[in-house]
Each structure stands twice: as structure tokens, then as C-alpha cells.
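Inspection log for the structure reproduced underneath, given as C-alpha cells.
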Amino acid sequence: MPEAAPPVAQSESVTWRRVPDLGLHLRPVGAMVAVYNEESGDTHLVSGWAAAILERLRVAPARPAELRRHAPPAATGDAGSVTRLLRDLWYLGLIEPVDP
Amino acid sequence: MTATLSDLPADRLRSRLRRGALNLGIGPFGVRLRSSIPAFGEWLPLLYGHYPVAAPEAFADFQIRIDRPWGLRRWWRPQSRFRFDNQTPFKPLPLSQAMPFFEWGLNWCVAQHAQRYLVVHAAVVARGGRALLLPGEPGAGKSTLCAGLVARGWRLLSDELALIRPDRGDLLPLPRPISLKNGSIPVIRRFAPRSEFGPFCRDTAKGVITHLRAPRISVEQAGQPARPAWVVFPRFQAGAELALTPCPAEEAFQGLIEAAFNYPVQGSAGFHALADLGSEVTARHLRYSDLDAACQRLERLAEETA
């Protein structure tokens, strides 16, 4: 992933949602979760926490702060981890900002 | 009782081959063969004598012709040509390589056209209905390992192409001659002195190559699928100490995707099939230089995880 993310990917005020109609399939595989995107044909391996965010954003859009409240204990000490995960999921084309 | 290629008298075999009326059952596929190259007709029974022969008019998945191109090359440095459904997908090879040309071409046919299966570049052997997949790039030592395990009594499912049925998650056998090259040939000759080989071809793009005849029992059991139980990523390294180390499931999953020829074509069915497989199997990395030690270690793994 590029180090310098566009402002939208770093903003706390952005509300995110899962890109609709991708046809995502999620399967736990070992310590990771495999994600298959029917629209692109791409397969990704993401952490369990990233997969949980994808599931959460499928149910309803959310801001980083809301997602952070459900972070696993290992991630709670790192305020930037959710932002980084959102940026990565955005780069993968799995989530998108909700227009204000 | 099914007729096999060796049941055909030599003159009828040659006649069927010349007319394109030889239908061989190779694993789940019907292969209609045509060739007027005399040496090809001689080699074929060596490697495929125990394969079932279907009626000339039976359905064939692949129609393959191994012939000689016309023109100057018919006489000067003669060549063989591989044709599939009247197309010529490859450049000709020397006439002496007609037999391996058929093997390589048939690999291509299966990898490109057998879309009802998830086709993974891996050798597969089985014991007691449980299959060991050995995915690997050329040179990783998978065929040598496969030949070694088969010599020790494992059932050969495939030397090169694992056929996974996405809806069932099992492996269909495609037992065919095992491709060996260069240094692996004397290793297998020493390891399994009673093995039967096809022609030895020198000066190929891969060096010296030959094919080891598939065991009769494996061919006869070609209709019996096996469940995936182990995935081992081999790496032959001359002089290396034997090392069998854990491979995390997600790494095995990723490795299988990379080794699958038609994963993009399979869509979500292929994804779920490999996710199931990745969760179902015991996965390991194997570094080896001594074939006997590697086979013994894999057999111990099979016993430990039975």
C-alpha cells in the first residue's frame, strides 16, 4: 500500500460503507479471513479484525470512531489501526466513503 | 472386462492410430488419438498399454493428432507436430520428441479446457482414500517425490495436474506417466529399479526427459476419487538436510490459488473449494535432497495425522 494516503482515507469524519453489490464471500482460513470479490474476481487475505469491519459496514455505514469501539484488545491501544485498515480496504475497492 | 490398449494387436493399433480412431480412457477424459508416426505407435503401448480403449465412435473430450509437418522438414531434421481439434497451438518439436510432445500437449489440453474441474499444478498420490497434494513449480522436485512415493505403494492420482471437483471438494484421479528429467532419472532408476520407462529424449528444452509408466493398479482405480488430506510444498535442494515444517493454512490456501490454472474461471466455486481444502488438510513445507528420507518422513506424517 502507498504510504501517503489521500486525506479522505485519514479523516475521522468520513463515514464508510461496504461497496454495494460486490458479491463478497468471506471464509476463515487459518489465522486470516479469505475474501472473494465476485465483481473483480480478486481474492484477498485479511485479518479477522478487517473482516469484522467489512461485516460491520455491510450492516450499516460507520465512522472510524464507532468501529474503534469494537476493536479487538490487541488493536485498542493503536488509534491509527482502524484508519489504516479502512485505507487498505478502500484501496482494495471493498469499501467507500458515504457521500455527505 | 474393459479392453485395454495392449489387447489390440499391433496392426489394429497402427490402423486405428492412422485413422484417428483410437479412443483412450485417461482418467475422466476420453482422448481420441491420431498419428502416422511409426515410433509413436511403438511407444504408446509402453506407457499406455494398460489404459482402457473405447469404441472408435465414442465421445472424446480431446481430439489429438501427433503428426509430421509437410515440406522440407519432413526430410531434413524431421519434426513432430501437436494438433488439438485441428488447431496447432505449439511450434513443432524434433520427431524424436513425439511422445513427450503428446504428454505436454495433453497437460495443456486439460489445464486449458477441463473447466468442470479446478485444475491445480500439483502431483497427487493417495493412501487409503486420502490424498497428498504436492504443488510446485518445475524443478521443485514434485515428480521425483511422486515417483518415489508411488514406488513405495502410494496410489498415483496425477503427476502434474490435480483435478478438484469444486462441488464435492474431492480429487479425481488422472493417472498418467510420470515426467522425469535430468538428475531425477538415475535417482528413480536406483530407487525403483523395476520401473518401466518410455523413450529417453535428449536435447529437449528441459534437458534429458523420460516418462515413467503409471502403475496398473492406479490406472484401474482411476474412477475412485480421494479426499484431500495433506498439502506439502516440496523444494528439492541438493545436499540440504531434510526439513518438514508447518505451513499455515492461509499460506497453503494462497499457494494453491497460485498453482491453480483456472482459478479465475471457477469464480466463487473455486474460492470455496480451495477455502474448504485449506481448512481440511494438514499443510507442510518440505525441503529435501534424499528421496528415501523424504518419502519416509511423509509416510510418518501420514501416520501421525491419520
Side-chain angles (χ1 to χ4, degrees), chain A residues 1-2 17-59 67 70-76 78 81-96, chain B residues 111-112 115 117-122 133 135 162 164-170 227-233 244-285 301 305:
Chain A
M1 293 295 162
R17 68 173 181 178
R18 206 157 106 171
V19 176
D21 303 325
L22 285 183
L24 288 191
H25 300 248
L26 279 75
R27 293 286 305 271
V29 178
M32 309 284 275
V33 176
V35 180
Y36 180 74
N37 180 344
E38 265 188 18
E39 191 183 66
S40 67
D42 290 338
T43 303
H44 311 287
L45 277 169
V46 301
S47 66
W49 173 218
I53 288 177
L54 278 175
E55 269 306 291
R56 171 72 178 77
L57 296 180
R58 182 182 64 81
V59 177
L67 297 169
H70 303 283
T76 47
D78 180 2
S81 67
V82 167
T83 315
R84 280 196 298 276
L85 277 179
L86 289 167
R87 182 197 63 188
D88 290 349
L89 294 173
W90 182 50
Y91 278 132
L92 294 175
L94 304 177
I95 63 171
E96 63 187 9
Chain B
Q112 294 293 317
Q115 303 302 357
Y117 307 110
L118 181 60
V119 184
V120 177
H121 189 197
L133 283 94
I164 300 170
R165 290 196 284 198
D167 55 335
R168 301 183 187 198
D170 58 2
R227 291 301 309 176
W230 308 279
V231 173
V232 173
F233 295 90
L244 188 69
T245 50
C247 173
E250 59 271 22
E251 202 180 312
F253 172 73
Q254 199 169 359
L256 288 167
I257 288 178
E258 287 166 10
F261 288 104
N262 59 348
Y263 178 74
V265 179
Q266 292 288 329
S268 60
F271 168 77
H272 287 292
L274 288 187
D276 286 341
L277 200 152
S279 309
E280 198 174 331
V281 299
T282 300
R284 296 284 186 271
H285 291 288
L301 171 74
T305 54

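All of these numbers come straight from a predicted model, not from anything done at the bench. All heavy atoms count here, side chains included; hydrogens, waters and symmetry mates do not. Proteins get letters first, then strands, A, B, ... in listed order; numbering begins at 1 in each.
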**Message:** Using a 4.5 Å heavy-atom cutoff, which residues in residues 256-265 of chain B come close to chain A?
**Reply:** B:I257, B:Y263
**Message:** Applying salt bridge (Lys or Arg N to Asp or Glu O under 4.0 Å), can you list everything that pairs with B:R168, at least two apart in sequence or on another chain?
**Reply:** none
**Asked** Should the heavy atoms of other residues, nucleotides or ligands under 6.0 Å from CG of A:D21 be counted, would the total exceed 12?
**Response** no
**Complete:** Rounded to the nearest 0.5 Å, the CZ atom of A:R27 sits from the NE2 atom of B:H272 at a distance of 6.0 Å
**Asked** When rounded to the nearest 0.5 angstrom, what is the spacing between CG in A:L26 and CZ in B:F271?
**Response** 7.0 Å
Might you point out which heavy atoms bring [X] and [Y] nearest each other, and give the distance in Å?
| X | Y | answer |
| --- | --- | --- |
| B:A249 | A:V29 | O-CG1, 3.6 Å |
| B:F253 | A:A34 | CE2-CB, 3.5 Å |
| B:S279 | A:P28 | OG-O, 3.9 Å |
| A:G30 | B:E250 | CA-OE1, 3.4 Å |

**4.5 Å side-chain heavy-atom contact, B:Q254 and A:T43** = no
